[in-house]
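Note sheet for the following structure.
Quantities reported herein were computed from a predicted structural model and do not represent experimental measurements. Heavy atoms only: backbone and side chains are in, while hydrogens, waters and symmetry mates are out. All chains are named by letter (A, B, ...) in the order of the sequence lines, taking the proteins before the strands, and each is independently numbered beginning at 1.
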Amino acid sequence: MTTDLGVLLSGPPDVAGRGLLGCRLHAGGVTVRLTEVEAYAGTGGDPASHAHRGRTPRNAVMFGPPGYAYVYFTYGMHWCLNVVTGVEGVASAVLLRAGEVVDGLPAARARRGPVADRDLARGPARLCQALGIDRAAYGTYLLGDGPVTLRPPAESVDPARIVAGPRVGVTGAHDLPWRFWLAGEPTVSAYRRHAPRRRF
DNA sequence: AGTAGGATAATCT
DNA sequence: GATTATCCTACTG
C-alpha cells in the first residue's frame, strides 16, 4: 500500500499529521524517519497557530497550497520546519518535531556535534540543524525535486502505534490533542511545558 | 532524575 | 517593547 502524500496533505492538519508519521524527510545529505509531529490550524479556532491572527509576511506560505515548506526562526537561534496542509486560501500546517536518522549519519553528527544518535533530530530545532535546514528552504515544494523532500513510509505504519496528546511549548489550547508520535520510539522529544514566563 | 533559568534576534503590537 | 510552536547548562536532591 502506498501513501499518496499529495492527497494526504490536502486534508485537515490532524489527519495529515498522523499520516506523516513514518515518512522520510531528506535534506542536506541526511534522511530521517519522522516519529513526532504537531498539527496547527489557521485563523480563528487555534490560538497556538502562527496564522491565528491572520496573514503576515512570515506565515504567508501557510495560506498557499499544500506540500510546501513553512520554515520559521524563533528564540533568536532556532529554525523549525512545517509542511503546509489543507486547501489553498486556508492556513494550516504540520510541525515536524522529531525523527530517527536513517541515512547520512556522519553528516548529521557533524552538524549536531557530540550527542547521542537518538538526540540528533529529537526536537524541531534539532531536526532542522541535523538536516541543515534554514531560511533557504522557506516556500520550497517538498514533494518534488527540491532541496528538501518528503517521501511516504518504506513500511506502512500500524495505526495502533500512534499516540496523541497536547502540543508542546504552546501557551494555550492544551485541550486540543494535536501532537502525534509513535509509541516506543526513543527519538520522540521528551520536553514538557515548563518555565512558562509567568508575569503574575 | 528532574527542573529552573538564560541565551538571542526576528516578528508583531 | 514584548513575545516566542526551543535548547543547553547548571544546580538540587
Task: Closest approach of G22(A) to R33(A) (non-hydrogen atoms, all atoms of both residues) - done: O-CG, 3.6 Å
Task: Heavy-atom closest contact (P124(A) atom, C80(A) atom, distance) - done: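 Looks like CB-SG, 3.8 Å.
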TODO: Can you measure from CG (L21(A)) to CG (D158(A)) and round to the nearest 0.5 angstrom?
DONE: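 Result: 12.0 Å between the selected atoms.
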TODO: Enter the distance from Y72(A):OH to H78(A):NE2 here, rounded to the nearest 0.5 Å.
DONE: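 Nearest 0.5 Å value for the OH-NE2 distance: 10.5 Å.
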Task: Any residue meeting side chain to side chain contact (heavy atoms under 4.5 Å, CB included) with D145(A), in chain and number order, not counting sequence neighbours - done: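 D145(A): no side chain to side chain contact (heavy atoms under 4.5 Å, CB included) contacts found.
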Return the value, rounded to whole Å, for the distance between atom [atom1] of [X] and atom [atom2] of [N].
X	N	atom1	atom2	result
W79(A)	dA9(B)	CH2	P	13 Å
L120(A)	dC7(C)	CG	P	13 Å
H52(A)	dT4(C)	NE2	C1'	16 Å
L95(A)	dT6(C)	CG	P	8 Å
R179(A)	dT6(C)	CZ	P	10 Å
E36(A)	dT6(C)	CD	C1'	13 Å

Open item on the list: With a 6.0 Å cut-off (strictly less than), is the heavy-atom count around CZ of R161(A), excluding the residue itself, greater than 12?
Closed with: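 Correct, the count exceeds 12.
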Open item on the list: Check this for me: R24(A), atom CZ, are more than 12 non-hydrogen atoms of other residues, nucleotides or ligands nearer than 6.0 Å?
Closed with: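 No, not enclosed.
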Open item on the list: Using the ring pair (Phe, Tyr, Trp, His ring centres under 6.0 Å) criterion, which residues pair with Y138(A)? Sequence neighbours excluded.
Closed with: none
Task: Set of residues satisfying ring pair (Phe, Tyr, Trp, His ring centres under 6.0 Å) with respect to Y141(A), sequence neighbours excluded - done: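 Partners of Y141(A) under the ring pair (Phe, Tyr, Trp, His ring centres under 6.0 Å) test: Y68(A).
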Any side-chain N or O of [X] less than 4.0 Å from the OP1 or OP2 oxygen of [N]?
X	N	answer
R126(A)	dC8(C)	yes
H78(A)	dC7(C)	no
R97(A)	dT6(C)	yes

Open item on the list: Stacking between Y75(A) and dC7(C), defined as ring centres under 5.5 angstrom apart with planes under 30°, is that present or not?
Closed with: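 No.
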Task: Under 3.5 Å donor-acceptor, N59(A) side chain and M62(A) backbone - done: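 No, because the side chain of N59(A) does not come within donor-acceptor range (under 3.5 Å) of the backbone of M62(A).
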- [ ] Between dC7(C), dA5(C), dA7(B), spot the one nearest the side chain of M77(A), thanks.
- [x] dA7(B)
Open item on the list: Heavy atoms within less than 4.0 Å of DNA chain C: which residues of residues 23-33 of chain A have one? Give them sorted by number.
Closed with: none
Between the protein and nucleotides 10-13 of chain B, which nitrogen or oxygen pairs are less than 3.5 angstrom apart?
from	atom 1	to	atom 2	distance (Å)
dT11(B)	OP1	R135(A)	NH2	3.3
dC12(B)	OP1	T56(A)	OG1	2.2

Open item on the list: Below 30° counts as parallel, above 60° as perpendicular, anything between as tilted: where do the rings of F73(A) and W79(A) land?
Closed with: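 Aromatic pair F73(A)/W79(A) classed tilted.
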TODO: Under 3.5 Å for both distances, Watson-Crick or G-U wobble, that's the pair rule; now give the dot-bracket for DNA chain C, with | marking pairs to another strand and [ ] for crossing ones.
DONE: ||||.|||||||.
